Each structure stands twice: as C-alpha cells, then as structure tokens.
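Computed from a predicted structure; not experimentally measured.
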Amino acid sequence: MSQARIGREQWLVLGAAFLGWMFDGLEMGLFPIAARPALQDLLQVTSDAEVGRWNGVLTASFLLGAAAGGLVFGWLGDRIGRVRSMAASIAAYALFTGACYFATAPWQLAVLRFCAALGMGGEWSLGVALVVEFWPERLRPLMAGIIGAAANVGFLSIALLAVFFPVTPDQWRWIMLAGASPAILAVLILFFVPESRRWQAAVREKAARPIREIFTPPLLKYTILAICFASIPLVATWGGVSGFLPLWADQLAGPARPYAKGVTQVVISIGAIIGCIVAPIIGGQIGRRPVYFGLCLLSLLACQLLFREWWQYGINFLLMAGIAGCLTAAFYGWLPMYLPELFPTRVRATGQGLSFNFGRILAAGGTLSTGQLMQLFQGSYPRACSTITLIYVVGLALIWLAPETKGKPLPE
C-alpha cells in the first residue's frame, strides 16, 4: 500500500523523478529551437519546404526512439527495479544528445536523436511508477501535475537560454552540449534514491511477465485504450504546437529576429506548466473522463484558431500560442494520473510506458504527415498543422469507453 507518512524517501523519489523528467523536457525542447538553423547549416538551404520535411524526419526519429525506449526501459523497470533502470535511461538521453554536437549530416542527427530518445521514453514510465508507488492516493493528482509540469520546466529552461543566446545556422552546436549535462543525475540517483518496496513485494508474490500480461485479457483492453489516449495529444502536439509552432514563428519573424522561436517556446512552456498542474487537480475533483473530454474540445478549438494564416508575429500571436500550449500540454498532467491507475504494480512501468510511448509511434506518423503536408501546402506551417490537429475529434468519443478511476486505489 502507499505510505501515508510523507518523509525523506518520498521527497527523494519526487525530486529524482522531477529532475529526470525536467531534463527529459530540456532534451525534447532542443530540437524545436535548433532544428531549423541546424538543418539550414547542414543542408546549405533556406527553403522551409525542405527544412520542414527534414524536421518531420528528426521528430519522427525522436518519437520512434521514445516508443522503443518506453517498452525496453519499462520492461527493465518491472524486471530489475525502477531506480537502476531510471538511471540508465537518463544516462542514455544525456550522452547521445551531447553527441549531436559532432553531426555533419541530417541523417546523423536523426540517428543520434533516435538513440537519445530511447532514454527519454524510458524515463517517463519509470519516474511516474516510482512516484505513485511511494506517495499516498490522496496526493496522486497533485503528484501527476508536478511530474507533468517537470518536462515543461525543462522545455522552458532551454527556451530561455535560446532567447538570451539566439541559435543561428552558424551557432547551433553549443546547445547540443547543454543536453549532456543530466548525466551526473544518473549517478546521484543510483546512490541516493530508494527502490520501490511496493514493486519488490509485488515481484516476490508473483513473477513479473509484463509484456505477456499487458497484451492478454483482462489488461489488453486497458492497454489499447491507454495507447489511444496517449496517441491523440502526442500526434497533435508533435505534429502541431510543440513540433512546428516555433519553426513557424521563426519564419514569420524573419532573420532579423532570431530570438522569436525561443520567445515562442517560452510562452508555450509557461502555458504548458500551468495546464499540466491544473488538469490533474481538476481530474481529482470531477473525474478523469470529463477532464479528458474537455481538454480535447478546448484544444481542438484553440488549435484551429491558432493555425490561421492571417497571423503576424507579435503579442497576439504569442498570447494565442500560450493558450494553445496550456490546453494541448495539459494532457501530460492527466496521463501520469490516469495511466498508472489502469495497471497492477508488477506490470505498471511496462504498461504505462508502452502505452504512452507507443502513442509516439503514431505521433511519428503525424509529424511525417505534417512534413509532407508542408510540401503539399508549399511551406505553409499553419495549413499543415491545422489539418493534423483535427485528431482531437477522436478523443471526444473514445474517452467514454474507458473506466472512471477517481477515488479508487491503485490496482495490485
């Protein structure tokens, strides 16, 4: 059972999970900032149609790597423990991101991005599992909000860095070195963070066969639904607001304002932090399903308004970007609250990790589709992104097929 008393162990676990996911967000935020100037440098082009196509490839590489990492590291977490697996995942994403400094061709960036994403995909499932297994049920929505917001704190941090030190085609490599800094956190986690006793008790009672269990009844239904609930916001954000909006801002602002993409990402990140904290708190009060439905509806409306071609870069554009960032990222506070409530302890890391990160495979298809739409629409970011974000319509109906878990204990 979850421990009722809040002590040193709970804070260590929360701190490790927060920092791990925060640096994960920093790594994710690197490429929306650096992709356009890096690709312009490596390809020796200025055409946004070609840059947009390669950005779709880079984003798809990240999403596919994260999906594979969610399965691999989630499985490790259920087999050898949350702590050692989380440390390994953080080391992986830090070292491979730093190696991007040495890339000399777009395909090399894509390969290194895939390898780094293996660790990024694994860290989320392990950190969430560790936190929900140490903290009491009454604080679960708040913990989900904090973990959900952590990635956006990292996203915000790298965006602020890019505002004060603009990333240009001849100065993009330095930001990749910043991505290697979390490696020290992996070492600290191994020495100071306690292993989940809840997991230890579960595997003593019954040997974990996580992959087999989540793909057979009765968990199969929950696995499929969880994949769908993660896929919808992932497709929309990576194929729209997070993946392409900073690039569109860069295009609108022109070369005279290279800081525009950083400012846009700052605004999106601030909105996302707010959304990630508020959504699970509301979900703890009124239920998980109504919140997901409301987020799909509001995100759909916000994205369709945002991606209109009559925008100019300025205060109104940034305000709308912040609103869209708040709504579309709020799902990432909802997901760490809801997904752990679908899977028993012995398979929790694998179940939620595969579900969340399998959604990234579909999101990879979404980003590639956005890249292809960019060419179809002759380099128009808004027309491509407004099309891909129609995916929210699916979530409006699908959520009512899922169980309501408000007020229920974690399954054992």
| message | For a salt bridge (Lys or Arg N to Asp or Glu O under 4.0 Å) check, start with the C-alpha distance between Arg113 and Glu27, then their side-chain angles and the critical distance, and finish with the verdict. | response | CA-CA 10 Å; Arg113 189 64 167 160; Glu27 309 281 347; 5.4 Å; no
Spacing of [atom1] belonging to [X] relative to [atom2] belonging to [Y], to within rounding of 0.5 Å:
X	Y	atom1	atom2	result
Ile227	Leu339	CD1	CG	10.5 Å
Ile399	Glu404	CD1	CD	8.0 Å
Cys276	Trp334	SG	CH2	13.0 Å
Leu225	Leu398	CG	CG	6.0 Å
Ile158	Ile175	CD1	CD1	4.0 Å
Leu327	Ile274	CG	CD1	10.5 Å

Does [X] use its side chain to pair, donor to acceptor, with the backbone of [Y] at less than 3.5 Å?
X	Y	value
Gln10	Ile6	no
Trp172	Pro37	no
Ser181	Ala178	yes
Arg173	Ala103	yes

Would you please indicate if the ring centroids of [X] and [Y] are separated by under 6.0 Å?
X	Y	value
Tyr292	Tyr338	no
Trp54	Trp107	no
Phe73	Trp124	no
Tyr313	Trp248	no

With no hydrogens and no angle check, just 3.5 Å: does a side-chain donor-acceptor pair link [X] and [Y]?
X	Y	result
Gln265	Ser269	no
Glu123	Ser89	no
Ser125	Gln352	no
Asp78	Thr350	yes
Gln304	Thr389	yes
Thr328	Tyr392	no

| said: Once you measure the plane-to-plane angle for Trp400 and Phe293, does it fall in the parallel (<30°), tilted (30-60°) or perpendicular (>60°) bin? | reply: tilted
| request: Could you walk me through whether Leu118 and Val72 pass side chain to side chain contact (heavy atoms under 4.5 Å, CB included), step by step? | output: CA-CA 8 Å; Leu118 292 170; Val72 171; 5.7 Å; no
Nearest atoms (heavy-atom pairs only) where [X] meets [Y]:
X	Y	value
Leu30	Gly179	CD1-CA, 4.2 Å
Ala321	Val267	C-CG1, 4.3 Å
Ser85	Ile80	OG-CG1, 3.5 Å
Arg288	Gly283	NH1-O, 3.2 Å
Ile90	Pro182	CG2-O, 3.5 Å
Ala129	Arg82	CB-NE, 3.9 Å

Could you tell me if the side chain of [Y] sits less than 4.5 Å from the side chain of [X], heavy atoms only?
X	Y	result
Leu177	Thr97	no
Pro344	Val347	yes
Phe134	Pro194	yes
Leu342	Pro403	yes
Leu306	Leu245	yes
Tyr332	Leu234	yes
Leu39	Leu58	yes
Phe331	Ile232	no

| field | side chain to side chain donor-acceptor pair (under 3.5 Å) between Gln200 and Ser196, intermediate numbers included | value | CA-CA 6 Å; Gln200 291 171 331; Ser196 167; over 6 Å; no
| field | Positive for side-chain hydrogen bond (donor to acceptor under 3.5 Å, both in side chains) with Glu341, one of Arg348, Lys406, Arg140, Lys408 | value | Arg140
| message | Would Ile277 and Ile146 count as a side chain to side chain contact (heavy atoms under 4.5 Å, CB included) here? Give the steps. | response | CA-CA 6 Å; Ile277 293 175; Ile146 291 172; 5.7 Å; no
| message | Around atom OH of Tyr222, are there more than 12 heavy atoms from other residues, nucleotides or ligands closer than 6.0 Å? | response | no
| request: Evaluate the side chain to side chain contact (heavy atoms under 4.5 Å, CB included) criterion for residues Thr168 and Gln171: first the C-alpha distance (whole Å), next the side-chain angles of each, then the deciding distance (0.1 Å), finally the verdict. | output: CA-CA 5 Å; Thr168 61; Gln171 292 182 335; 3.5 Å; yes
| Derivation and outcome, side chain to side chain contact (heavy atoms under 4.5 Å, CB included), residues Asn55 and Arg36 | CA-CA 7 Å; Asn55 184 65; Arg36 189 169 185 261; over 6 Å; no
| query | Is Arg346 salt-bridged to Glu213, cutoff N-O under 4.0 Å? | reply | yes
